[in-house]
Amino acid sequence: MKKLFTLLLVCALTVCMMASCGGSDKLFDYNYDEYVTLGNYKGVEVSASEIETEVQAQIDSILSSNAKDVATGAPAAEGNKVTYSVTATVNGAEAADLAKTDSSVTLGTGKTGLDDLDAALVGMSVGDTKELTLTVPADYTGNADVDGKEAVLSVSVSAVTENVKPDALTDEMISTASDGLYTNVADYTVYLRSAVKQNLVWNVVLANTTFIDYPKKEAEMYYDNYLASYQNSAAQYGMTLESMASMYGMTLDAFQNNLAQQAIAQVNQDMAMFALAAKENLVPDEARIADIKKEMMVYYGYTDEETMIAAVGEDAIEQSATFDMVMELIETNAVEAE
């Protein structure tokens, strides 16, 4: 996991995106009763075991992202990463297309492309050399003098490692995982459980909400931002949006329709959030606004508060603080069931 943030920062990000694209300063200024009917949002029941399971999953994700390759000191086995080199001959002549130097493969993945080579690496230790004869698959190298021919390979192993996951979180891991928002394990663990619980409760609140309609302007703003983001990504890789859509197994029309549905879903979430805040008269005070500004500065990488405010906008900051209050309210009033 790179980040797990409550809707505070998720909404802050999207609101800031919208504000930066020329939207009005006061977003979602509507009669909410025309768009949503809030259901039960106090006393929402969530599973304590589900919270703990999700918390542990997030911790495991951080630990996995910090796993390191460690020498096993034993013969290579399935799941180990093996670093190996190959020299080869075909009909007695050197076959440079089959040669490899310090190439790596995780045994069991079959990524060498040569089944006999994968099998030969199993059981080899650092410093071992093994000779094997195999038939090169057709079109393996693109060289007709090699492909489909019998080859003699000399394989040597220079490293056998296994990916070892740390036993416990460290402050450094936490700082990286949270982009500097948290710098020690104790604080992050408290935050993490709260964030997981809030997200689970919020899902129930959304399920209890009836969505009557949605404001088209905001949905279009979200859609335009989503579309621009994918278009920029596609351009960076020299792709068209259509080719990127095909990578997801969709036509361009289906892909764009999917983005439109995501935009509507996001607007629905926002409308529910604003409606709940209005009903509970949740208005952030100066202290909460100050806290949100500090978090935004860290999250977005600003070193100067005035620069951050100019880029984000006071209104978006106030809205994010309001969202924070909503999440706290539903979490505080939620019931954890075994």
Side-chain angles (χ1 to χ4, degrees), residues 1-29 58 61-62 65-66 169-196 198-199 202 217-218 220-233 235-236 263 266-267 269-270 273-274 277 282-329 331:
M1 178 196 72
K2 178 64 176 174
K3 307 178 188 75
L4 175 75
F5 296 119
T6 61
L7 289 181
L8 155 67
L9 287 176
V10 174
C11 289
L13 174 60
T14 49
V15 167
C16 292
M17 286 170 59
M18 292 166 65
S20 68
C21 289
S24 63
D25 290 336
K26 292 293 181 183
L27 299 170
F28 297 94
D29 187 12
Q58 299 297 338
S61 179
I62 296 175
S65 68
N66 284 275
L169 298 173
T170 65
D171 292 347
E172 183 179 3
M173 293 179 197
I174 294 309
S175 181
T176 299
S178 68
D179 279 349
L181 279 175
Y182 293 87
T183 57
N184 65 78
V185 174
D187 288 347
Y188 185 79
T189 303
V190 172
Y191 151 76
L192 181 58
R193 193 181 194 284
S194 175
V196 167
Q198 286 183 4
N199 288 335
W202 180 243
K217 181 183 70 174
E218 274 71 20
E220 289 173 359
M221 293 170 74
Y222 275 120
Y223 173 80
D224 289 344
N225 275 282
Y226 294 161
L227 185 63
S229 177
Y230 279 106
Q231 287 174 331
N232 289 337
S233 294
Q236 288 177 0
Q266 184 60 61
V267 170
Q269 282 202 70
D270 293 341
M273 184 78 75
F274 281 107
L282 300 177
V283 179
D285 57 20
E286 291 184 4
R288 187 178 292 269
I289 293 290
D291 287 341
I292 295 301
K293 287 179 179 178
K294 291 178 182 177
E295 290 192 359
M296 282 189 169
M297 285 185 65
V298 174
Y299 183 68
Y300 294 117
Y302 287 99
T303 56
D304 178 71
E305 184 175 291
E306 290 186 3
T307 303
M308 184 275 294
I309 294 173
V312 173
E314 290 279 7
D315 192 56
I317 295 170
E318 181 179 351
Q319 289 168 347
S320 296
T322 303
F323 296 159
D324 192 32
M325 295 178 71
V326 169
M327 299 304 286
E328 285 185 7
L329 182 143
E331 179 190 8

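All values derive from a computational prediction rather than experimental measurement. Index from 1, following the sequence. Heavy-atom basis, side chains included; hydrogens, waters and symmetry copies ignored.
Across all their heavy atoms, Ala316 and Val312 have their closest contact at CB-O, 3.6 Å. Between Ala311 and Tyr302, the shortest heavy-atom contact is CB-OH, 3.0 Å. Listed here is the closest heavy atom pair of Glu295 and Leu181: O-CD2, 3.6 Å. A pairwise comparison of heavy atoms in Asn184 and Asp171 identifies CA-OD1, 3.2 Å as the closest pair.
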> Please walk me through it: do Met325 and Leu329 pass side-chain contact (heavy atoms from CB on, under 4.5 Å)?
Replying inline: CA-CA 6 Å; Met325 295 178 71; Leu329 182 143; over 6 Å; no
> Going through the checks in order, is the side-chain contact (heavy atoms from CB on, under 4.5 Å) test met by Trp202 and Glu331?
Replying inline: CA-CA 8 Å; Trp202 180 243; Glu331 179 190 8; over 6 Å; no
> Between Tyr188 and Ile62, does a side-chain contact (heavy atoms from CB on, under 4.5 Å) hold up when you go through it step by step?
Replying inline: CA-CA 12 Å; Tyr188 185 79; Ile62 296 175; 3.8 Å; yes
>> One pair to check against side-chain contact (heavy atoms from CB on, under 4.5 Å): Gln319 and Met273. What are the steps and the verdict?
In response: CA-CA 10 Å; Gln319 289 168 347; Met273 184 78 75; over 6 Å; no
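Ser194 places no side-chain N or O within donor-acceptor distance of the main-chain N or O of Val190, the cut-off being under 3.5 Å. Formation of a donor-acceptor pair under 3.5 Å by the Asp179 side chain with backbone atoms of Ser175 is not found in this model. Checking side-chain atoms of Asp324 against main-chain N and O of Ser320 turns up no donor-acceptor pair under 3.5 Å.
Checked by atom type, the side-chain pair Asp270/Tyr222 shows a donor-acceptor distance below 3.5 Å. Side-chain contact of Gln236 with Asn232: a donor-acceptor pair under 3.5 Å is absent, judged by distance alone.
Within 6.0 Å of the CD atom in Glu172, the count of heavy atoms belonging to other residues, nucleotides or ligands does not exceed 12.
Atom CD1 of Ile317 is separated from atom OG1 of Thr322 by 12.0 Å, given to the nearest 0.5 angstrom. The distance from atom CD of Glu218 to atom CE of Met221, rounded to the nearest 0.5 Å, is 6.0 Å. For the atom pair Asn66 CG and Thr170 OG1, the distance stands at 6.5 Å (nearest 0.5 Å). Of the inter-residue distances, the one linking Asp304 atom CG with Ile309 atom CD1 reads 8.5 Å to the nearest 0.5 angstrom. The structure places OG1 of Thr303 at 11.0 Å from CE of Met308, a figure rounded to the nearest 0.5 Å. Between atom CD1 of residue Ile292 and atom CE of residue Met297 there is a gap of 13.5 Å, rounded to the nearest 0.5 Å.
Side chains of Glu318 and Glu314 form no contact here, defined as non-hydrogen atoms less than 4.5 Å apart. The shortest side-chain heavy-atom distance between Gln198 and Arg193 does not fall under the 4.5 Å cut-off. In this structure the side chain of Leu192 never reaches within 4.5 angstrom of the side chain of Thr189, judged on heavy atoms.
Using a 4.0 Å cut-off between charged nitrogen and carboxylate oxygen, Lys293 and Glu286 do not count as a salt-bridge pair.
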